[in-house]
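Chain identifiers are assigned alphabetically (A, B, ...) following the order of the sequence lines, protein sequences preceding nucleic acid strands; residue numbering begins at 1 within each chain.
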Amino acid sequence: MLILTDKPVRVRFAPSPTGYLHIGSARTTLLTWLFARHSNGKFILRIEDTDQKRFVQDALDKLMQDIRWLGLEWDEGPDVGGPYGPYIQSERLELYQKWAHWLVEQGKAYKCFATEEELARAREISQKTRGGRIAGYERIYRFISDEERAKLEKERGSYVIRFAMPLEGETVAHDRIRGDVVFKNEELSDMVLLKSDGFPTYHLAVVIDDHFMQISHVTRTEEWLPSLALHHNLYEAFGWDEPEWVHMPVVLNPNGKGKMSKRNPPMVDGKIVPVMVNDYREAGYLPEALINFLTNVGYSFGDDQEIFNVQDTITRFDIDRVSPASAAFNFQKLVWTNGVYIRELTDEDLADRLVPFLQKAYGNVDRAKLVKIAPHIRERVNPLSEAVALLKFMFNFEPCPNDKLIQKNMDAAGTRNVLHLSYERLATLTDFSHEVQATVMEPLVEQLGLKKAQVYGTLRMATTAQQVSPPLFETMEVLGKDESLARIQAAEAQLNGA
RNA sequence: GCCCCCAUCGUCUAGUGGACUAGGACGCGGCCCUUUCAAGGCCAAAACAGGGGUUCGAAUCCCCUUGGGGGCACCA
C-alpha cells in the first residue's frame, strides 16, 4: 500500500467517559495501539466529555484502568500529560469556541436560532414535500439577511453554530481501508458545531483536537463513516491538512446480528456473553489472551498461526490488513484462546493469578498449596473464576451427604467397605505421592470387583465432596495424608450413623 | 424510508486472474485416551449469496439483484 502521509504516526483513542470499556472499543483501541507501536509512533488518550448530560463520575478512572489492564499504555493523556494538552475536551472549550466563530466570520458556518418546535416542523415539511428526504431541513436560518440575524440574536439570545455544507456536487474522502467514499452533497445536513451551552459537538471538537494534537491517522469504527463528509469539509474550511482516515469494522454479536451491546447482552449456550472488558477481567480471562483473540477480530496476519504474543503482533502488524467487513464476536474461540494461555502459565504464575479469586471467595489462601495443586487444575479452570468451585474442597470443605457418597450401583454397606479398606491401605503409606497411592489402590479395585469409577468416585466424594475435582490421587497428595485419611474416616463414620 | 459501508464453511478468516478437487482455527459430530471434569490425539461434515458481464481463464475485476451491518440528535 502506498504511504499517503509521511508525517510521524500519532494516533489516539478518544472515548467518551460513560463507564467501563466496551469490548468493541477495546478492539478498536488495540488496533490503533498496535499501529502506533508498529510505526514507532505515539498513542494518545483523549477524553471526549463534551456532553454534560452524560457525565459519569469515576468513568475516566474505570476506563483508564481497563485500558491499562489490557496493557495498552498511552504516551500522552490526561494523567501522563504531554506537549499537546490538555487531553480532556471540557478543558479546551475556548479553542472550540474561537474556531467556531472564525468559521462564522468566514461565512463557512452560521448561527442558527431554531427552536425545537421549528426544527420539528421543518423536518415534517421536508419529509412530506421531498419524497421522504429530510436532509437539509435544518437550514432555516442559513439564508437570512444580516439584519434579520442581528434582530434574532437580540431577541432570542441563544443559538447554535451550524456548518454550512456545500449544497451541490459531491464530497469525496479517502479512507485507508475502504478507498474513496463518495457523498452527494444534496443529501447532507448542516450539522451543529457549537451547542447553545457553548460546548462543541463531537464533530467540531474531534476535528480541532486532531488537528492541534497533530493526529496523523484518525482510527475509529465504521459508525463514523456517515459523518466523514462533514469532517472532511471541516478540514477544508479550516484550511488544514487532513489526517488519514481509517474506518475499522465494528464488532457484532456472536450471532452476527447487531453491534455488541450491554443493553441487549448476547447469549451463547444460554449464558450471557460479557460485553465490558471489566467483566472479562472479573471472570478470569487473561489480558494477553483477550489481546490475542481481539487481534483476530476483523484482522488477520494472513497465515495459519492462531497464537501469537504481543511483541510479535506489534512487529508484524499491518494496518492495511484490517478488514472492511464487520465481524461477529466468536465467544467460544475466546474461551479456547484463554485456555491456551492458561495452560501455558507456570505453576507459580497460575497460583498468583488465582489468589484474588479465591481470596474473594474464601478469605486468606495458602499460596504454597495453590502452587502444588496448580498443575492439576491448569486445564480445568477456564476462565480462572472456575477455580472457586473446583477448589472449594481445599478452602471450605463441607462433607457431602450420604446419598452423594454412595456411587452408582452401590449401597451403604459397599460404600462403607470401600472407605474402610481404602483407609487401611492408604494408612500404610509413608510416601503419599499419587504414584504410590495408585500402587495400593489399583489392586484393591480389582480385589473388590468394582469399577474404578465406583471406588474412586466414593473417595472423591469423601475427600472433596465434589462431583468434579482434580484427579483423585493428586488431590489427596496435595491435601496431605492426615487430612485425606481424616476425611475418609469421617465419611465412613457418617455412613455408620445412618 | 433515506444515505453510507460490506459480502468465502455456523463463526473468525487465508485467498489480491491460472499453484483451488478453496487452506487454517473455533465450534459441531464420530473414534481413541480416561477414576470425575477437563486437557490431549485421530477422523469427518461444513463455504466462494444469485444473475449478468470482462477475460483464453474468475472466489479474485466491473454492473445489477439479494442479504447483512452502520448512520440519520444542541450523544459520542
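The phosphate of B:C75 (OP1 or OP2) has no side-chain N or O of A:Thr50 nearer than 4.0 angstrom.
Remark: aromatic rings of A:His231 and A:Tyr202 are close, center separation under 6.0 Å. A:Phe317 has its ring centre no less than 6.0 Å from the ring centre of A:Phe308.
Nucleotides B:A73 and B:A14 place their C1' atoms 42 Å apart, quoted to the nearest Å. The same atom, P, is picked in B:U66 and in B:A45; the two are 35 Å apart, to the nearest Å. Nucleotides B:A39 and B:A58 are separated by 44 Å at their C1' atoms, to the nearest Å. Rounded to whole Å, the P atom of B:A59 lies 34 Å from the corresponding atom of B:C2. Look at the C1' atom in both B:G18 and B:U55: the space between them is 12 Å, to the nearest Å. When the C1' atom is compared between B:U8 and B:A49, the two are found 10 Å apart, to the nearest whole Å. With both ends at atom C1', the span from B:C72 to B:G29 equals 46 Å, rounded to whole Å. Straight-line distance between the P atoms of B:U60 and B:C9: roughly 14 Å, to the nearest whole Å.
For A:Arg316, the side-chain contact (heavy atoms from CB on, under 4.5 Å) test picks out A:Phe301, A:Asp303, A:Gln305, with sequence neighbours left out. When the side-chain contact (heavy atoms from CB on, under 4.5 Å) test is applied to A:Asn417, the partners found at least two apart in sequence or on another chain are A:Leu421, A:Leu448. Evaluation of the salt bridge (charged side-chain N to carboxylate O under 4.0 Å, His left out) rule for A:Asp347 yields A:Arg378 as partners, not counting sequence neighbours. By the salt bridge (charged side-chain N to carboxylate O under 4.0 Å, His left out) test, A:Arg27 is found to be paired with no residue, residues two or more places apart in sequence or in another chain being considered. Applying the side-chain contact (heavy atoms from CB on, under 4.5 Å) criterion to A:Val436, with sequence neighbours excluded, gives A:Leu429, A:Asp431, A:Ser433, A:Thr439. Contacts of A:Arg123 classified as salt bridge (charged side-chain N to carboxylate O under 4.0 Å, His left out), with partners at least two apart in sequence or in another chain: none.
At a threshold of 4.0 angstrom between heavy atoms, the contacts of A:Arg220 with the nucleic acid are absent. Residue-level contact check: A:Pro15 touches neither bases nor backbone, having no heavy atom under 4.0 Å from any strand. Heavy atoms of A:Pro249 sit nowhere under 4.0 angstrom from any nucleic acid atom. Looking at heavy-atom distances under 4.0 Å, A:Gly302 makes contact with sugar-phosphate atoms alone, never a base. In this structure, A:Ser300 reaches the sugar-phosphate backbone alone: every heavy-atom distance under 4.0 Å involves primed, P, OP1 or OP2 atoms, never a base. The residue A:Gly339 sits apart from the nucleic acid: no heavy atom pair falls under 4.0 Å. Residue A:Thr221 is classed as having no contact, given no heavy-atom separation below 4.0 Å to the nucleic acid. Using a 4.0 Å heavy-atom criterion, one finds that A:Pro375 contacts no nucleic acid atom at all.
Of all nucleotides present, only B:G10 satisfies the Watson-Crick or G-U wobble test against B:C26, with each distance under 3.5 Å. Within the shown strands, B:G18 is the pairing partner of B:C56 under the Watson-Crick or G-U definition, both distances less than 3.5 Å. Taking a pair to require two hydrogen-bonding distances under 3.5 Å in either a Watson-Crick or a G-U wobble arrangement, B:U34 remains unpaired. Under the Watson-Crick or G-U wobble criterion, with both distances below 3.5 Å, B:A45 is left unpaired in every strand shown.
Considering CD of A:Glu138 and OG of A:Ser126, their distance stands at 8.5 Å, rounded to 0.5 Å. Between atom OH of residue A:Tyr280 and atom CG of residue A:Leu334 there is a gap of 6.0 Å, rounded to the nearest 0.5 Å. The OG atom of A:Ser323 lies 7.5 Å from the CD1 atom of A:Ile177; values are rounded to the nearest 0.5 Å. Atom CZ of residue A:Arg176 and atom CD1 of residue A:Ile319 lie 6.5 Å apart, to the nearest 0.5 angstrom.
Comparing B:U36, B:G40, B:C6 by their nearest atom to the side chain of A:Arg343 picks out B:G40.
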| Base versus backbone protein contacts along nucleotides 21-29 of chain B [heavy-atom cut-off under 4.0 Å; B, S, -] | --BBBBS--
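The separation between A:Lys452 atom NZ and B:C37 atom C1' is 17 Å, rounded to whole Å. A:His376 places its NE2 atom 16 Å from the C1' atom of B:U34, with the value rounded to the nearest Å. B:U36 atom C1' lies 15 Å from atom NZ of A:Lys451, rounded to whole Å. As a whole-Å value, the separation of A:Ile88 CD1 from B:A76 P is 16 Å. The CG atom of A:Asp209 sits 12 Å away from the P atom of B:A76 (whole-angstrom rounding).
Salt bridge present: A:Glu124 and A:Lys128 bring a charged side-chain N and a carboxylate O closer than 4.0 Å.
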Output a table of nitrogen or oxygen pairs between the protein and nucleotides 72-74 of chain B separated by less than 3.5 Å.
{"residue": "B:C74", "atom": "O2", "partner": "A:Ser196", "partner atom": "N", "Å": "2.9"}
{"residue": "B:C74", "atom": "O2", "partner": "A:Ser196", "partner atom": "OG", "Å": "2.8"}
{"residue": "B:C74", "atom": "N3", "partner": "A:Ser196", "partner atom": "OG", "Å": "2.9"}

Would you list the protein and nucleotides 2-4 of chain B atom pairs, both N or O, that sit under 3.5 Å from each other?
none

Using atom names, set out every protein N or O paired with an N or O of nucleotides 58-69 of chain B below 3.5 Å, distance rounded to 0.1 Å.
none

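Relative to the ring axis of A:Phe397, A:Arg487 places its NZ or CZ within 45° and under 6.0 Å from the centre.
Screening residues 334-343 of chain A for side chain to side chain donor-acceptor pair (under 3.5 Å) gives A:Asn292-A:Tyr341, A:Asn338-A:Asn382 as the qualifying pairs, with residues at least two apart or on separate chains.
Between A:Asn309 and A:Glu288, the side chains place no donor N or O within less than 3.5 Å of an acceptor N or O (distance only, hydrogens not considered).
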| Between A:Arg380 and A:Glu474, does a salt bridge (charged side-chain N to carboxylate O under 4.0 Å, His left out) hold up when you go through it step by step? | CA-CA 14 Å; A:Arg380 287 169 242 261; A:Glu474 285 84 344; over 6 Å; no
| task | Evaluate side-chain hydrogen bond (donor to acceptor under 3.5 Å, both in side chains) for A:Glu48 paired with A:Gln89, printing each intermediate quantity in order. | result | CA-CA 5 Å; A:Glu48 314 227 320; A:Gln89 288 187 331; 3.2 Å; yes
| request: Test salt bridge (charged side-chain N to carboxylate O under 4.0 Å, His left out) on A:Lys404 and A:Glu398 and set out the steps. | output: CA-CA 12 Å; A:Lys404 287 263 168 44; A:Glu398 293 171 60; over 6 Å; no
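Nearest-nucleotide positions on RNA chain B for A:Arg178 and A:Val381 put A:Arg178 closer to the 5' end.
The stretch residues 93-101 of chain A has no heavy atom under 4.0 Å from RNA chain B, so no residue of it qualifies as close.
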